[in-house]
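Given the structure is predicted, the values throughout are model-derived calculations rather than measurements. Whatever order the structure lists ligands and atoms in, that order sets their numbers, starting from 1.
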Amino acid sequence: MHNQIALPNQQRTTIQAQTSNLRAELEQLQYQFDVFSALLKLVIIVCAGLAAFYFIPFAQQQSISALIISLSFLMITIVSFILLRTTTLATLGMNARIWLAAALWVVSSFGLLQQTNEYLLISALGGTIIVVLAIFLETQRAALVWALLTILGYIAALVLRPLIQFPAFDLGVVRDIVVYSIPIVVLFILATVGRVTTQYLRASWLRADARTRQLEQQEKQLRAITTEAQEARARAEESDRVKSAFLASMSHELRTPLNAVINFTRFVLEQDAGPTNEEQTELLTEVVNSGKHLLNLINDVLDMSKIEAGSLSLFIEDGVDLNNIFDTLTATARSLLVDKPIVIKTEIEPDLPTLRGDRQRIFQIFLNILANACKFTEQGEIVITAKRSGDKVLVSFKDTGPGIANSDQALVFSAFKQTQTGLRGSGGTGLGMAISKSLAEAHKGQIWLHSELGRGSTFFVSLPIKAAELVPSIS
Ligand code: ADP
């Protein structure tokens, strides 16, 4: 029952965890997408301007270097424009890489193809931007690769500049604009990334805050439900206790008049009140038998209610001799079997140790099991075995009766539960085995059974020889 409820819950928790992971990944992707889009817009404006500026020295001085730089800026402008139009969350990873590669080329060629060192420094600044953006847009490992490539690009520009002599060109009036505005543009780019990041962090902080409040609310509800459940449980326990107390006192009150009925009927049967004829004797015998049956039933109910109320007390003593108990048991079993073709066998280990426990109750545990074996078995044998096993004594009762189906075995030790055989076979109450189980446990022992439908049953009782928890009532 418990497992049936637990499984879907577990699945739901896993699905919830997966969903929240996915949601976090999606938020992260959305953030990268926003950073990328903002960056592309800036790059389009700045690089379109730079492409135009560098085209002037080419037009005036036919400088190939200026043309290459101008074309590079034009290329990154066009690439950025296309990427801004086409990038979706699904293509973000791939497109960011394309853009980073194009930007790396632009930055390196910018540093390589101009004559003064300040351009090299500006290209280094551009390289730094590429690394920063790679950190935002890529995984940690890929960002490291981009950093390495950028450094290599810078070194290549540094090394190649003196080796390959590009004809110099003059930017003219726009030179100062390029030199002084590019650091400002770089700052702008960083500010844009910062702005998107702040927005993102703020949104996720708000979400986390809302979630915390929701959790607090749920916790409050849970606490209220728990208190309610505890109160309901306390009420149920109290009414259970009252019911058990009522049953105990009622059973007690019923036993006294019932004993009187049985005993006075016996007197009459034994002719103490004058002679009775055959028919009267037969009827009075029926009264005594029914009275005894009812008395057993009341005793069982009384025991069960005491067990449930936790008020069953044991009369513990040392030296409980199982041999005596087995002698009385077999005699009782024979009287129960009368006409049935059943052999009772005992296999009691010699030198069986005496036990610490309640003699009467131990007898009751065994009698309940044996009486069932006699009741349900029609022919064959009942074998009682007893042997020492470590610091315990193991007793078993094997019969050749109808057996108990696997699915029914859990019912056997539950109060007021009977299997199909039990319901068909006799007027039992379904209390005997539940009482035996509780009594065995009260002795710190155990009771269990092995059975197969149609192949008889074996009940086992294991009792500690001297359980430390059991304190003798008289020492
Ligand atoms: P009952 O008063 O019905 O005998 P018990 O608690 O003693 O109640 O036993 C519970 C049920 O377990 C019985 O009704 C019967 O169905 C089953 N049972 C107990 N002992 C045996 C046995 N030796 N063989 C077959 N069924 C048994």
Compute the minimum heavy-atom distance from F459 to ligand 1 and say whether it is under 4.0 Å.
yes
Give the atom numbers and elements of ligand 1 that come within less than 4.0 Å of a heavy atom of [X].
X	value
S457	24 (N)
L431	6 (O), 8 (O)
M433	5 (P), 6 (O), 7 (O), 9 (O)

Could you give me the CA-CA distance, side-chain angles and deciding distance for W99 and V43, then say whether side-chain contact (heavy atoms from CB on, under 4.5 Å) is met?
CA-CA 11 Å; W99 187 86; V43 166; 3.6 Å; yes
Salt bridge [X]-[Y], side-chain N to carboxylate O under 4.0 Å:
X	Y	answer
R361	D303	yes
K220	E216	no
K387	E347	no
R241	E237	no

Any heavy atom of D399 under 4.0 Å from ligand 1? The part involved is side chain
Does ligand 1 have a heavy atom under 4.0 Å from the side chain of F413, from its backbone, from both, or from neither?
neither
For C374 and A333, which heavy atoms make the closest approach, and how far apart are they?
SG-CB, 3.8 Å
Using a plain distance cutoff, I'd like to know if G432 has any nitrogen or oxygen under 3.5 Å from a nitrogen or oxygen of ligand 1.
yes
Candidate with minimal heavy-atom separation from atom 27 (C) of ligand 1, of N372, I404, L370:
I404
